[in-house]
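Okay, so here's the structure we're looking at.
Here the structure is a predicted model, which means the values were calculated and not measured.
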Amino acid sequence: IKAILLILFLITMFSATSVAHGTETSGNASGKAEGTISCPDGKSDKGELSFSAFKKDAPIYGSWEVVVGDSSHGKTSNGGYLDSGKIDKKSYDLEGKETTSNICGLDKKADISIQGDCEKGKIQIRADTGWKGNFEGNIDFG
């Protein structure tokens, strides 16, 4: 099941990137950023967030993934899909669901939100199970 989810995630990411760069005014956002994940129990870890969201005459859709850890200790990730929100020229506020939840030892799949400011490259992700992340990186808009 994890392999299937990974394949679907990669297909969605590839499609989202192609669409995001292929349209000019449809409200697309994608990015990759580094930052810190904070767990409800107070632990934190360095991580990386990547996401792609796009909209064209329909609700926003796309995918996201947060990866923590390094190759010597193994990587852990949470990921899922985006299904609503808004994207404008100055900011974005995206909402979705987790389909995989391995970070912070939480078993429950959460509703998530990803918010950011286009100019500053700062991104926040929050899950209703209590984990959150603050990232900084490059965001592309179309």
Please enumerate all residues that pass salt bridge (charged side-chain N to carboxylate O under 4.0 Å, His left out) together with D93, with sequence neighbours excluded.
none
Give, for atom CG of L82 and atom OG of S52, the distance between the pair rounded to the nearest 0.5 Å.
8.5 Å
Spell out, as yes or no, whether a donor-acceptor pair under 3.5 Å connects the side chain of S101 to the backbone of L106.
yes
Are K86 and D88 ion-paired here, with the side-chain N under 4.0 Å from a carboxylate O?
yes
Is the shortest side-chain heavy-atom distance between I60 and K55 below 4.5 Å?
yes
Test side chain to side chain contact (heavy atoms under 4.5 Å, CB included) on L94 and I87; report intermediate values, then the result.
CA-CA 8 Å; L94 310 169; I87 301 171; 3.9 Å; yes
Going by the rule ring-ring contact (aromatic ring centres under 6.0 Å, His included), which residues pair with Y92 if we only count those two or more places apart in sequence or in a different chain?
F51, F141
Out of curiosity, D140 CG to N28 CG, how far, rounded to the nearest 0.5 Å?
10.5 Å
Residue list, side chain to side chain contact (heavy atoms under 4.5 Å, CB included) with S84, at least two apart or on another chain:
E95
Rounded to the nearest 0.5 Å, the CD atom of E65 sits from the NZ atom of K32 at a distance of 9.5 Å
Between CG on residue L49 and OG on residue S77, distance to nearest 0.5 Å
12.0 Å
Residues two or more places apart in sequence or in another chain: which of them pass side chain to side chain contact (heavy atoms under 4.5 Å, CB included) with K46?
T36
Between N78 and I103, is there a donor-acceptor pair closer than 3.5 Å when you use the side chain of the first and the backbone of the second?
yes
With side chain to side chain contact (heavy atoms under 4.5 Å, CB included) as the criterion, how do V68 and N102 come out once you've worked through the C-alpha distance, each side chain's angles and the decisive distance to 0.1 Å?
CA-CA 10 Å; V68 298; N102 300 309; over 6 Å; no
Identify, with sequence neighbours excluded, every residue that meets salt bridge (charged side-chain N to carboxylate O under 4.0 Å, His left out) alongside K109.
none
Just verifying a value: how many Å separate I37 CD1 and F135 CZ, rounded to the nearest 0.5 Å?
3.5 Å
Side chain to side chain contact (heavy atoms under 4.5 Å, CB included) against E34, all qualifying residues, sequence neighbours excluded:
E48
Distance-only donor-acceptor hits, side chain of residues 123-134, under 3.5 Å, sequence neighbours excluded:
residue, atom, partner, partner atom, Å
Q124, NE2, N134, OD1, 3.4
D128, OD1, D111, N, 3.2
W131, NE1, E98, OE2, 2.9

